[in-house]
Amino acid sequence: MRSEGRTRAGFRVLGPVELQTDSGNLVLTGKQGALLTILLLSANRVVSVQRLAEALWGAPLPSSPASRVRMLISDLRKTCVAAGDNLIRTQRPGYVVRLAPDQLDLATFLDCVARARQAAAGGDQETAVTRYDEALGLWHGAPLAGIDGSFVQAEVARLEELRLEAVEGRGSALLAMGRHAEAITEFTTVATDHPLREAAHGQLMLALHRSGRRADALAVYRRLRQRLTEELGLEPERELQRLHQRILTSDPMLEQETSDAAPGAAPPVPRQLPAPPPHFVGRERERAELDRLARDRTGKGVTIAAISGTGGMGKTSLALHWAHSNLGLFPDGQLHVNLHGFDPTSEPLPAQVALRHFLGSLGVPAAAVPAGEQAQTGLYRSLVAGRRLLVVLDNARDTAQVEPLLPGSPSCVVVITSRNLLPGLIATHGVSLIGLDALTPAETRRLLGHHLGEARIDADPDSAAVLVEHSGGLPLAISVLTARAAMHPGFPLSVLAGELSSPATRLDALRTGDLNTDLRAAFTSSYEALHPTTARLFTLLGLAPWPDVSLRSAAALAGLPAARTRVALEHLEAANLVHQHRPGRYRTHDLVRLYAAERARSDRPEHERVEALTRLVGSYVHTARAGERLLNPNRPLAERISAEPVEDEFEDAASAWAWFEDEQSSLMAVQRLAVRLGMDAAVWRLAWATDTYHKRCQHEQRILSWETALAAAERLGDPGTRALAHWYLGYAYAQDSRADDGLEHLLLAYKLFEQEEDLAGQAHTSHTLGFAWLAQGEPERAIPHVETALRLQRELRDPLWEANALSAAGWCHVKLGRYPEARSYCEQALELFQKHEDLNGESATLDSLGYIAHWERRHDQALDYYGRCLELRDRLGNAYQGADTLARIGDVHHEMGQLAAARDAWQRALDLYHKQHRAAEAEDVRQKIRRLAVRPAAPAGPSGHAAPADR
């Protein structure tokens with residue numbers, strides 16, 4: 001709650017970006033100012049981390065952009081602390097600034113302008129001028145002054161346009177009140193600063209004419225026309241030409257009119273929209289965007305919205321539903337044409353045919369229609385100029401088909417539907433793209449109920465759930481299913497559900513026999529329009545055993561360079577057959593993917609399919625090995641994995657970690673794929689290459705990966721490979737508190753290494769055996785194994801693993817209560833780790849020393865050790881063991897009576913335990929937090945599990 005008398009902080013963007021508080025104004029610049037600006041311009045809306053990074057740095061992004069954004073957010077929160085601790089909130093997938101309407105000058109400005117327009121529309125021009133004055137008084141310089149970033153230029157232009165519209169609106173209100181001299185001053189300023197702004201010149205001409213300055217009004221027109229023709233090769237807009245002519249002839253109606261519309265017989269009003277869809281659900285965001293575009297027409301150009309999506313996504317339904325819901329916005333009519341851009345039964349409609357259709361609808365006799373397309377376009381645009389008209393261009397193929405059908409008047413709104421993104425229109429006409437995704441499961445369930453009736457759905461909810469799940473949220477799929485169900489009202493829904501449950505029959509269940517409503521036919525028409533190289537990539541993407549692929553994976557499947565693959569993916573994205581949901585990552589709708597796999601089986605020979613999948617597995621093995629080398633550069637026995645050199649794939653360990661994060665589910669799928677392909681060497685190499693990542697954050701997947709790898713190693717039959725697989729599987733079991741299972745595999749590994757006379761293998765397996773016995777709570781049985789490891793590492797002259805063995809021996813003595821001996825071992829280990837720059841080993845040993853210091857009641861030193869350990873584990877991305885360190889930091893703070901610090905550390909540990917699915921550890925920390933109000937009566941010593949012997 002705000003303290004008594006304290007005013008709420010505010011923000012200004014209509015000038016230099018400022019934070020306003022009781023103590024004064026703070027101007028923000030640099031990256032902090034840019035970050036705040038992006039959040040303020042999207043106030044009360046979540047801005048993703050990806051969008052923030054792209055706006056702050058542009059392309060190419062720096063390394064680890066998400067981490068950089070988090071650091072900037074942290075700094076910005078400190079800077080803006082006067083605005084409240086809760087100002088910038090974390091909300092997936094990014095951040096949001098929550099502001100009241102009066103906290104941002106831009107929001108206040110827009111509210112004043114809206115009130116001004118409302119007053120002007122109601123004839124209260126005096127109130128309108130007052131509201132415009134309030135709005136314009138909020139400006140205190142050039143918008144966003146001092147802010148740099150890739151987003152700034154476009155946002156400044158947008159804000160400046162809003163200001164100019166307000167200035168022009170104020171001038172129009174003055175003109176309507178007869179205050180011509182003030183209106184002349186207003187419009188002269190705008191026309192001088194923006195010499196090609198035709199609307200302002202027209203209002204200035206009208207104000208001059210009404211002030212008795214006819215010659216000056218005509219001179220304004222001459223100067224504007226000369227500039228337009230010389231600089232742009234264009235004539236003034238038709239409305240301005242008509243105003244010029246009426247001033248020339250001293251039309252007496254100009255004294256009363258507030259517009260230059262000439263009287264005359266009204267042309268016919270076309271009402272061409274097909275009926276709205278009988279069943280429609282969802283699409284609230286898309287309908288709101290269409291509402292905004294229709295409402296916020298700037299007057300500078302035609303408002304054009306392009307609804308784009310995969311075949312069957314419901315583009316036409318959305319366009320017609322919205323159009324029928326907003327007929328009042330278009331009193332001069334609605335034009336509609338189906339351009340048949342992807343019609344399986346006919347060719348795309350030529351633009352000239354569509355133009356003739358439109359001209360006839362606007363009252364032009366067939367004999368009067370010009371012969372050429374250019375002349376037809378000119379006549380069409382002349383007829384719709386100034387009319388509040390909706391034009392729906394349905395099922396467009398490409399830009400060339402659409403462009404001649406676009407009006408030239410800002411009074412019109414155009415809605416286009418297409419399976420293609422129409423990038424040419426976006427670039428040249430400023431089209432607003434509205435991409436359609438699948439309906440949510442809840443929306444799909446509602447649509448199913450609308451079609452079949454709730455009673456039939458409630459009678460078999462399990463089958464209805466199958467229909468919802470496997471229709472993929474495609475409205476066309478739901479329509480097909482419900483049509484089939486309606487044809488056989490006595491059949492149970494389980495019949496359809498059975499067909500949909502199997503991927504082999506799913507697309508057959510969505511077939512109707514009518515090419516216009518058949519889902520497979522819809523996909524086919526999109527597929528057959530692709531270039532052969534793009535079509536080949538599309539089919540191969542269907543072979544990938546997961547829906548989300550990277551550019552690297554797509555290039556491996558195609559066997560093409562990344563640059564050529566990127567071009568093909570761009571074509572697929574433009575056709576809405578893939579979706580780039582993040583830079584460089586592409587996702588395919590489940591039903592589209594099934595269709596792609598079908599086409600791969602029919603259009604690609606078996607050897608090509610196998611070669612593509614083999615390349616894909618090989619690419620993952622190579623990249624994972626490169627990433628693993630950065631995450632764990634001192635890993636033992638790494639040279640045995642493959643004699644092939646590994647090229648640098650990543651900039652640093654952070655970028656390698658980010659790749660593992662992105663690919664975690666794909667890596668398990670590719671290992672299963674390698675099993676199916678009989679690539680056993682790749683199977684266990686993938687387990688090896690992903691082990692460090694899995695050990696730090698994905699223990700369940702680590703075990704599954706090594707179980708799969710052990711089976712592959714047994715098939716390969718090589719003793720060394722089998723020993724490695726047993727060793728790592730035993731290690732994974734022991735770390736997952738399955739020490740009995742772990743000991744069994746570790747003893748098998750040791751025996752195999754012994755048979756091979758492999759001292760290094762014996763040393764490392766002995767080390768892990770010590771860890772397993774420690775995990776069993778038997779440090780006495782661990783010590784002989786750790787001492788064996790220490791002896792062998794010294795014999796092998798491996799100082800890093802000698803340090804590991806020293807650290808493990810120290811931990812064994814800790815568990816036996818021999819703290820001086822433990823400290824001696826750990827300090828020797830720490831010196832070696834630091835000398836050889838092994839951060840993993842250094843962090844583990846610091847954890848042990850912190851634990852020892854805690855038991856010896858040296859609390860400040862314990863916090864120092866733990867803090868250094870946690871810093872290293874954060875740098876390494878080792879959240880798994882970092883959670884344990886946080887829990888122990890909380891223990892030390894609690895014992896010192898520092899309850900707030902204890903709660904903070906325990907809560908951070910608890911959050912990590914939840915993410916890691918470590919229920920026992922999470923419950924232990926949760927109980928500590930619950931008991932936090934009770935101060936310890938006497939020091940109890942540290943608790944929790946620690947495992948520095950685990951590398």
Side-chain angles (χ1 to χ4, degrees), residues 10-20 25 27-29 33-34 36-43 99 101-121 125-149 151-177 179 182-204 206-207 220 224 292-293 295-301 303 410 430 432:
F11 296 90
R12 304 172 79 184
V13 295
L14 303 179
V17 176
E18 293 180 355
L19 166 63
Q20 298 174 301
N25 293 1
V27 176
L28 288 101
T29 58
L36 177 62
T37 301
I38 300 164
L39 293 170
L40 290 176
L41 293 175
S42 301
L99 296 178
D102 62 344
Q103 282 185 276
L104 180 63
D105 60 352
L106 176 58
T108 306
F109 169 82
L110 293 173
D111 180 64
C112 289
V113 169
R115 291 172 183 270
R117 288 174 177 164
Q118 184 177 11
Q125 307 300 337
E126 187 171 348
T127 298
V129 170
T130 301
R131 294 287 177 260
Y132 278 123
D133 286 340
E134 291 172 2
L136 294 167
L138 294 167
W139 288 72
H140 58 289
L144 311 187
I147 300 299
D148 293 320
F151 69 98
V152 171
Q153 185 176 359
E155 288 296 340
V156 167
R158 181 177 73 88
L159 294 173
E160 183 61 22
E161 177 62 28
L162 291 172
R163 187 188 69 81
L164 286 174
E165 289 175 356
V167 171
E168 290 172 344
R170 182 180 186 278
S172 297
L174 292 172
L175 195 58
M177 295 168 67
R179 294 161 62 176
E182 295 174 68
I184 290 170
T185 301
E186 202 91 317
F187 288 120
T188 298
T189 301
V190 177
T192 302
D193 293 341
H194 303 273
L196 298 179
R197 196 172 179 89
E198 295 182 59
H201 283 77
Q203 294 289 66
L204 176 57
L206 189 58
V220 168
L224 173 65
R292 184 191 68 78
L293 291 171
R295 182 181 65 248
D296 297 345
R297 282 176 271 178
T298 64
K300 291 184 65 176
T303 297
S432 297

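Keep in mind that what you see is a predicted model, and the values were worked out from it rather than measured.
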Apply side-chain contact (heavy atoms from CB on, under 4.5 Å) to the pair Leu106 and Leu159, showing each step before the final yes or no. CA-CA 9 Å; Leu106 176 58; Leu159 294 173; 3.7 Å; yes

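Taken to the nearest 0.5 Å, the CD atom of Gln203 stands 12.0 Å off from the CD1 atom of Ile184. In this structure, CZ in Arg179 is found 10.0 Å from CD in Glu186, a value given to the nearest 0.5 Å. If you take CG on Leu196 and NE2 on His201, they are separated by 7.5 Å, rounding to the nearest 0.5 Å. Remark: Leu104 CG to Asp111 CG distance equals 12.0 Å, nearest 0.5 Å. A distance of 11.5 Å separates OG1 in Thr127 from CZ in Arg115, rounded to the nearest 0.5 Å. Once rounded to the nearest 0.5 Å, the distance linking NE2 of His194 with OG1 of Thr189 reads 10.0 Å.
Between Ala166 and Phe109 the shortest heavy-atom distance is CB-CZ, 4.0 Å. Between Val17 and Ile147, the closest heavy-atom pair is CG2-CG1, 3.6 Å. Closest of all the heavy-atom pairs between Leu162 and Leu110 is CD1-CD2, 4.0 Å. Between Leu99 and Ala43, the shortest heavy-atom distance links the atoms CD1-CB, 4.1 Å. Minimum interatomic distance between Ala183 and Gly171 (heavy atoms only, all atoms of both residues): CB-O, 3.8 Å. When all heavy atoms are compared, the tightest approach of Arg12 to Leu138 is NH2-O, 4.4 Å.
Looking at Asp105, its side chain does come within 3.5 Å of a backbone N or O of Val13 through a donor-acceptor pair. A donor-acceptor pair under 3.5 Å is formed between the side chain of His140 and the backbone N or O of Leu14.
In this structure, Ser172 and Phe187 have side chains that are in contact, with non-hydrogen atoms separated by less than 4.5 Å. Using a 4.5 Å heavy-atom cutoff, the side chains of Thr188 and Thr192 are in contact. By the 4.5 Å heavy-atom criterion applied to side chains, Pro143 and Glu155 are not counted as neighbours. Residues Val113 and Arg131 have side chains not in contact (no heavy-atom distance under 4.5 Å, counting atoms from C-beta outward). Contact of the Trp139 side chain with the Arg163 side chain is registered, since non-hydrogen atoms from C-beta on lie closer than 4.5 Å. The shortest distance between side-chain heavy atoms of Thr37 and Phe151 falls below 4.5 Å.
By the 4.0 Å N-to-carboxylate-O rule, Glu161 lies close enough to Arg197 to be salt-bridged with it.
Open room surrounds CG on Asp148; 12 or fewer heavy atoms of other groups in view lie less than 6.0 Å from it. Heavy atoms from other residues, nucleotides or ligands lying under 6.0 Å from CD of Glu126 number 12 at most.
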